[in-house]
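Contents: one structure, followed by commentary.
The figures here come from the full heavy-atom set of this structure, side chains too, leaving out hydrogens, waters and symmetry mates.
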There are 2 protein chains.
Amino acid sequence: MHQDFESILKSSGQSVTKPRRAVFDALTRADSPLKNGEIAKLTPSIDRASVYRTLELFAKLGITTTTIRGWTPFTELAEPFKPHHHHMICERCGVVEEIESDTLEDMLTILASRHHFTLRSHTVELSGVCASCSKNLPQPTSL
Amino acid sequence: MHQDFESILKSSGQSVTKPRRAVFDALTRADSPLKNGEIAKLTPSIDRASVYRTLELFAKLGITTTTIRGWTPFTELAEPFKPHHHHMICERCGVVEEIESDTLEDMLTILASRHHFTLRSHTVELSGVCASCSKNLPQPTSL
DNA sequence: TATATATTGCGAAAAAGTCGCAATATTATA
DNA sequence: TATAATATTGCGACTTTTTCGCAATATATA
Ligand SMILES: [Mn+2]
Ligand SMILES: [Mn+2]
Ligand SMILES: [Zn+2]
Ligand SMILES: [Zn+2]
């Protein structure tokens with residue numbers, strides 16, 4: 001794993017540095033997407049600016065993916081550092097389930113090619129009401 | 001259109017107010033997703049804090065959807081205020097094309113129900129290389 | 001129109017993100 | 001392994017974005 005990560009840096013002409021290793025390690029240890037600020041706190045010896053620069057580089061190299069919740073971006077490792085998956089979020093209780101479907105993946109590629117695009121990456125986020133919430137709370141949560 | 005918007009507010013027990021109308025109008029006029037700050041600039045008579053509160057409410061009511069580019073959230077009107085679509089973004093030149101596919105939509109519903117979820121909303125964002133970019137720049141952009 | 005209450009604007013502050021530049025670490029090469 | 005070239009970092013100052021409490025105000029209801 002680490003090896004793969006360092007080869008990605010090297011093969012794209014980037015240096016293997018302490019901040020980059022630290023951020024990668026923090027993301028590896030995390031079991032869910034992290035805010036930028038959380039990543040910074042998990043790497044106390046690394047300057048905030050370097051964390052941001054690292055995160056931008058990782059995004060550009062496809063090492064990480066970022067999604068948004070509220071106004072806040074959350075980052076997690078992408079493939080092959082984490083198995084490919086998508087999220088299904090319950091809007092009542094917030095539970096997150098992982099989605100996997102080869103058929104979906106194939107379809108996205110086909111859709112892209114229909115637009116003459118070569119698909120390089122994608123995000124899919126589903127939001128709804130989970131089984132237990134629709135049992136227990138037949139009425140939508142009041143605002 | 002306006003009417004629909006106001007009924008959504010009323011039917012969920014919310015007041016129809018000047019800030020909410022202003023933000024909704026700004027989003028209606030926009031032809032692409034806007035940053036929070038851009039929305040605030042387009043509604044100069046509304047306090048920034050109220051813009052944020054309105055945007056949060058709209059998100060909760062499903063009036064808007066928010067996606068991320070870089071670290072910045074962009075908000076646009078959701079259905080039925082804007083026809084349902086998804087984005088295919090060229091990572092070289094940044095061009096955005098709109099994606100539409102009933103088959104995709106059906107599949108997402110099926111996937112959700114397989115997890116015993118009732119699908120309420122979703123986002124799909126594809127990122128790749130557009131036709132003209134793959135012609136003109138056969139090599140990936142250097143980092 | 002009067003009353004109850006939801007919402008706003010304000011002010012101040014915290015949090016998040018950005019930038020230039022000198023110091024330092026990394027890489028390549030001898 | 002030592003040296004030189006240069007990519008990257010940490011620092012510090014800054015800008016932008018987002019959040020909060022509370023008194024003033026607008027909205028809804030009757
Ligand atoms: Mn996928
Ligand atoms: Mn869709
Ligand atoms: Zn739930
Ligand atoms: Zn392009």
Side-chain angles (χ1 to χ4, degrees), chain A residues 2-3 5-27 33-61 63-64 66-76 141-143, chain B residues 2-3 5-27 33-61 63-64 66-76 141-143:
Chain A
H2 262 214
Q3 191 41 46
F5 156 66
E6 302 198 353
S7 357
I8 287 182
L9 286 179
K10 285 179 176 166
S11 69
S12 56
Q14 305 293 319
S15 305
V16 177
T17 67
K18 188 181 160 195
R20 290 170 186 174
R21 267 193 289 251
V23 169
F24 184 83
D25 287 350
L27 289 170
L34 298 175
K35 297 187 199 184
N36 294 340
E38 293 174 326
I39 296 170
K41 271 174 207 148
L42 289 171
T43 56
S45 65
I46 309 302
D47 189 80
R48 202 171 51 261
S50 299
V51 171
Y52 277 98
R53 289 184 285 230
T54 296
L55 252 14
E56 263 165 45
L57 177 66
F58 283 8
K60 215 183 304 199
L61 293 176
I63 293 171
T64 55
T66 299
T67 53
I68 197 171
R69 212 171 294 176
W71 308 132
T72 309
F74 285 77
T75 299
E76 64 186 324
T141 298
S142 74
L143 297 172
Chain B
H2 263 216
Q3 191 40 46
F5 157 68
E6 301 196 355
S7 358
I8 287 182
L9 285 179
K10 285 177 176 165
S11 68
S12 55
Q14 304 293 318
S15 306
V16 177
T17 68
K18 188 182 161 195
R20 290 168 185 176
R21 268 194 288 253
V23 168
F24 183 83
D25 289 350
L27 289 170
L34 300 174
K35 297 185 201 187
N36 294 338
E38 293 174 329
I39 296 169
K41 273 176 204 146
L42 290 169
T43 56
S45 65
I46 309 302
D47 189 80
R48 211 171 42 260
S50 299
V51 172
Y52 277 97
R53 288 184 285 231
T54 296
L55 253 13
E56 260 167 48
L57 176 66
F58 283 8
K60 216 184 301 201
L61 293 176
I63 293 171
T64 55
T66 299
T67 53
I68 196 171
R69 214 171 293 175
W71 306 130
T72 309
F74 285 77
T75 298
E76 63 186 326
T141 298
S142 74
L143 299 171

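Remark: A/Thr66 engages A/Pro73, A/Thr75, B/Ile68, B/Trp71 in a side-chain contact (heavy atoms from CB on, under 4.5 Å) (not counting sequence neighbours). With sequence neighbours excluded, the residues satisfying side-chain contact (heavy atoms from CB on, under 4.5 Å) with B/Lys35 are B/Glu38, B/Thr72, B/Phe74.
Per the geometry, CD belonging to A/Gln14 stands 16 Å off P belonging to D/dT6, to the nearest Å. A straight line from CG of A/Leu9 to C1' of D/dA7 spans 13 Å, rounded to a whole angstrom.
Proximity of B/Leu9 to B/Leu61: side-chain heavy atoms (C-beta onward) are separated by under 4.5 Å at one or more points. At least one side-chain heavy atom of A/Arg21 sits under 4.5 Å from a side-chain heavy atom of A/Glu6.
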Under 3.5 Å between N/O atoms: give me all the protein pairs with nucleotides 17-21 of chain D, atom names plus distance.
| from | atom 1 | to | atom 2 | distance (Å) |
| --- | --- | --- | --- | --- |
| D/dT18 | OP1 | B/Asn36 | ND2 | 3.4 |
| D/dT18 | OP2 | B/Asn36 | ND2 | 3.0 |
| D/dT18 | OP2 | B/Tyr52 | OH | 2.2 |
| D/dT18 | O5' | B/Tyr52 | OH | 3.1 |
| D/dT18 | O4 | B/Arg48 | NH2 | 3.4 |

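Taking CD1 from A/Ile8 and CD from A/Gln14, the interatomic distance works out to 11.5 Å, rounded to the nearest 0.5 Å. The CG atom of A/Leu57 lies 10.0 Å from the OG atom of A/Ser15; values are rounded to the nearest 0.5 Å.
Along DNA chain C, the nucleotide closest to B/Ser50 and the one closest to A/Lys18 are compared, and the more 5′ of them pairs with B/Ser50. Residues B/Val16 and A/Thr17 each lie close to DNA chain D; by heavy-atom proximity, the contact nearer the 5' end of the strand is made by A/Thr17.
Five base pairs at each end of the helix from C/dT1-D/dA30 to C/dA30-D/dT1 define two local axes, and these are offset by 60° (rounded to 10°).
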Using distance only, find each side-chain donor-acceptor pair of residues 42-55 of chain B under 3.5 Å and give its atom names and separation, not counting sequence neighbours.
| from | atom 1 | to | atom 2 | distance (Å) |
| --- | --- | --- | --- | --- |
| B/Thr43 | OG1 | B/Ile39 | O | 3.0 |
| B/Thr43 | OG1 | B/Ala40 | O | 3.3 |
| B/Asp47 | OD2 | B/Ala49 | N | 2.9 |
| B/Thr54 | OG1 | B/Ser50 | O | 2.8 |

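Between B/Phe24 and B/Phe58, the ring planes are perpendicular. Angles over 60° get that label, and only those under 30° would be called parallel.
Of all nucleotides in DNA chain C having an atom under 4.0 Å from a heavy atom of chain B, the first and last in 5' to 3' order are C/dA6 to C/dT18.
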